[in-house]
2 protein chains.
Amino acid sequence: MSSEASEFQEAVSRFVRALGLHQPDRTPCGVPIPTSEAHALGELARRGELRQVELVHRLRLEKSTTSRIVTQLARRGWVERAPAPDDGRGVLLRLTPAGLQAARQLAAARQARFGAALDRIPAEERQAVLRALILLTEAVDEP
Amino acid sequence: MSSEASEFQEAVSRFVRALGLHQPDRTPCGVPIPTSEAHALGELARRGELRQVELVHRLRLEKSTTSRIVTQLARRGWVERAPAPDDGRGVLLRLTPAGLQAARQLAAARQARFGAALDRIPAEERQAVLRALILLTEAVDEP
DNA sequence: CCATGTGGTTGTAATGTCGAACCATGTCGT
DNA sequence: ACGACATGGTTCGACATTACAACCACATGG
């Protein structure tokens, strides 16, 4: 239904704006690092190690951009580059202890922001909203 | 619940990435204009006229940035600046016919993108997903 | 063993955003 | 009425994120 699609456009626009995603050097949670770096940190925290090329796919960035982001994270002392064991070309990324701590702080900040948001959603709706968001992501993702 | 909040973080991150929102000079729908300009155009299309300061609030940008965006849109021949009738300081923005057409094309592109996404969501879920997105936006917006 | 493809890095350029300085106009208190 | 302050806009300078192209190293397949 076309009216449904335009309502979605609306809703997505508003969501993006409300989230404050246009600010380049600050995450939506207020942490003073770029959003992409935060996402990279998140991916690394979830898995312990990650191939850099995998990060390229997950962040949907160019390999050059990804390389720079990793350099930034390394400069902050949060990740270490190591040669990939099974492929001489590859780079294996690993979180340092400081990086793990930073990831935890970031998670806490997000917790604060999204936790507060969740409090404004009726408890019985939360599961539905989360499910909807996941569904929507899958739907948008699939090219 | 904290596990709920972290699932949300996950879900939001994924959504943002899947949407491709990190590309500065291309909308998620593939239209080759910056996201903020697209949003500005959308706001102007919905209301016919808009005070520039209103755009600042809706886009959540600095007034300087907003001014530049409006200049861009004017350069494209899509909006006209006029003095606000009730306030000598203000600027009233109005869509030109070309701007209206551009807005329609943009809407069509979004329609194509989000329509395709919606098709991948079971029909009986769509209302729930839309509702969830609106709820989530309000929840995130509030602070 | 050469041709081609993949993973990474660096250089270059384009672009989006903010903060500050500045101007014009409105508003409020005395 | 008049000065002090707030509001709406513009311009300028700085900074940051991203992509594309060129290049290198390693892998893979005929």
Side-chain angles (χ1 to χ4, degrees), chain A residues 13 16-17 19-28 30-41 44 49-76 79-94, chain B residues 16-17 19-28 30-41 43-44 49-76 79-94:
Chain A
S13 285
V16 166
R17 285 292 152 186
L19 214 48
L21 231 46
H22 48 86
Q23 303 186 50
D25 55 354
R26 191 173 267 87
T27 67
V31 178
I33 68 170
T35 301
S36 287
E37 280 188 42
H39 284 175
L41 200 59
L44 277 163
E49 299 180 329
L50 209 56
R51 282 289 305 274
Q52 187 165 313
V53 64
E54 189 60 27
L55 207 51
V56 168
H57 296 137
R58 288 193 137 42
L59 301 184
R60 293 154 202 257
L61 292 168
E62 279 298 311
K63 54 184 183 173
S64 59
T65 307
T66 305
S67 176
R68 274 183 242 277
I69 286 176
V70 170
T71 302
Q72 272 301 316
L73 293 178
R75 190 165 300 159
R76 296 184 202 267
V79 312
E80 279 172 349
R81 285 190 233 239
D86 56 335
D87 189 330
R89 302 165 294 180
V91 167
L92 188 67
L93 305 172
R94 201 158 353 108
Chain B
V16 165
R17 284 291 154 186
L19 214 48
L21 232 46
H22 48 87
Q23 304 186 52
D25 54 353
R26 189 173 274 93
T27 68
V31 178
I33 67 171
T35 302
S36 287
E37 280 188 42
H39 284 175
L41 200 59
E43 293 292 337
L44 277 163
E49 299 179 329
L50 207 57
R51 283 289 305 276
Q52 187 163 315
V53 64
E54 189 61 28
L55 207 52
V56 168
H57 295 135
R58 287 193 139 38
L59 301 185
R60 294 156 202 255
L61 292 169
E62 280 299 310
K63 54 184 182 174
S64 60
T65 306
T66 305
S67 175
R68 293 204 51 175
I69 286 176
V70 170
T71 301
Q72 272 301 315
L73 293 177
R75 189 166 299 161
R76 296 183 202 265
V79 312
E80 280 173 348
R81 284 190 234 238
D86 57 335
D87 191 328
R89 301 164 296 178
V91 166
L92 190 66
L93 305 172
R94 199 156 354 106

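Just so it is clear, the structure is predicted and the values come from calculations on it, not from any experiment. Convention: sequence-line order gives letters A, B, ...; per-chain numbering from 1.
Separating the CG atom of Leu73(B) from the P atom of dT10(D) is a distance of 12 Å, rounded to the nearest angstrom. One can place CG of Leu93(A) at 14 Å from P of dG7(C), the figure rounded to the nearest angstrom. Per the geometry, CG belonging to Leu59(A) stands 13 Å off P belonging to dG8(C), to the nearest Å. Spacing between atom CD of Gln52(A) and atom C1' of dT6(C) amounts to 13 Å, rounded to whole angstrom units.
Residues His39(B) and Val16(A) approach most closely at CE1-CG1, 4.1 Å, considering heavy atoms. Listed here is the closest heavy atom pair of Leu73(A) and Glu37(A): CD2-OE1, 3.6 Å. Val70(A) approaches Val79(A) most closely through the heavy-atom pair O-CG2, 4.0 Å.
Residues Arg17(A) and Ser36(B) meet the side-chain proximity criterion, which asks for heavy atoms closer than 4.5 Å. For the pair Ile33(B)/Arg76(B), a side-chain contact is recorded, criterion being any heavy-atom separation below 4.5 Å from C-beta on. Thr71(B) is listed as a side-chain neighbour of Arg75(B), based on a closest heavy-atom distance under 4.5 Å.
Axis deviation across the helix from dC1(C)-dG30(D) to dT30(C)-dA1(D) amounts to 30°, comparing end segments of five pairs, rounded to 10 degrees.
Looking at residues two or more places apart in sequence or on another chain, you find a side chain to side chain contact (heavy atoms under 4.5 Å, CB included) between Leu92(A) and Glu49(A), Arg51(A), Pro85(A). In this view, Arg26(B) and Gln23(B) satisfy the side chain to side chain contact (heavy atoms under 4.5 Å, CB included) rule, not counting sequence neighbours.
Within residues 85-92 of chain A, the residues having any heavy atom closer than 4.0 Å to DNA chain C are, in order of number, Arg89(A), Gly90(A), Val91(A).
For Arg51(A), taking side-chain heavy atoms from C-beta onward, the closest of the listed nucleotides dG8(D), dG7(C), dT9(C) is dG7(C).
Summarising the geometry, atom CG belonging to Leu19(B) is positioned 9.0 Å from atom OG1 belonging to Thr35(B); distances are rounded to the nearest 0.5 Å.
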Between protein and nucleic acid, restricted to nucleotides 14-20 of chain C and to nitrogen or oxygen atoms under 3.5 Å apart, what atom pairs and distances do you find?
residue	atom	partner	partner atom	Å
dT17(C)	OP1	Ser36(B)	OG	2.7
dC18(C)	OP2	Glu62(B)	N	3.0
dC18(C)	OP2	Thr65(B)	OG1	2.9
dG19(C)	OP2	Glu62(B)	OE2	3.3
dG19(C)	O6	Ser64(B)	OG	3.1

Determine all donor-acceptor pairs shorter than 3.5 Å in which one atom belongs to a side chain in residues 56-68 of chain A; sequence neighbours excluded.
residue	atom	partner	partner atom	Å
His57(A)	ND1	Val53(A)	O	3.3
Arg58(A)	NE	Glu43(A)	OE1	3.1
Arg58(A)	NH1	Glu54(A)	OE2	2.7
Arg60(A)	NH1	Asp141(A)	OD1	3.0
Arg60(A)	NH2	Asp141(A)	OD1	2.9
Arg60(A)	NH2	Asp141(A)	OD2	3.1
Thr66(A)	OG1	Glu62(A)	O	2.9

